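This is a predicted model, so every value here is computed, not measured. Both counts, for ligands and for their atoms, begin at 1 and track the order of listing.
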Amino acid sequence: MAFELPPLPYARDALAPHISADTLGFHHGKHHRGYLTKLNALTEGPAYAGAPLEEVIVKAWADKDVAVFNNAAQAWNHAFYWRSMSPEGGGAPKGDFAKAVDRDFGSHDELKQKLVAAAAGQFGSGWAWLVLRNGKLEVRKTTNAETPLTETGVTPLLTLDVWEHAYYLDYQNRRADYIATFLDHLVNWEFANANLATA
Ligand SMILES: [Fe+2]
């Protein structure tokens, strides 16, 4: 059974002017689709038959099956990234999630600063994450396709793609502007809240 490209959770132009329809078109329609096409070719054999994407990621990581891991993790990370943004994003966390932010970071501002530092400080391609680890919120960064899904006791709540393909058409080399725009206008705290509630 082939893995399918999940549709964007909003229209291709819904995040403009912050992220253009052109960027989403390439990022979702070419990059994300490309990972799934390669993953499907790599997992045709019996080793991964019928396994859900999360299981493929964990098994490929444990077995050091690098090509499968990279494409499976990128497929999962991108689906999670689309949902980490919303046309109605930005603003302040609410409800239980806001309480958890205050408890573990002191303030919403401190959480934002930690996300900025992780996203800006990731050398080369990778991801910044908000995760729940052993009941506590933490900010992480990962390199290339790496994902917190491979760590036991860690639940991803939100992610930010800092591969150049995520922002280069709109921001060129200005990764800091893309990160600030993500946090001010796009970040979907409701998604983090929902992930926290089911963690
Ligand atoms: Fe990406």
Centroid separation Tyr81 to His32 less than 6.0 Å:
no

Listed protein N/O/S atoms, distance to the Fe ion (ligand 1) under 2.8 Å:
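Protein N, O or S atoms closer than 2.8 Å to the Fe ion (ligand 1): His27 NE2, His78 NE2, Asp161 OD2, His165 NE2.
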
Do the side-chain N and O atoms of Trp127 and Thr147 include a donor-acceptor pair separated by under 3.5 angstrom?
no

Would Asp65 and Tyr48 count as having a side-chain donor-acceptor pair, cut-off 3.5 Å?
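Present: a donor and an acceptor within the cut-off.
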
Hey, what's the ring geometry for His78 with Trp82, parallel, tilted or perpendicular (30° and 60° as the breaks)?
tilted

Partners meeting side chain to side chain contact (heavy atoms under 4.5 Å, CB included) with Val139 (sequence neighbours left out):
Phe105, Leu111, Lys114, Leu115, Ala118, Leu130

Is the backbone of Ala166 close enough, under 3.5 Å, to the side chain of Asp161 for a donor and an acceptor to pair up by distance?
no

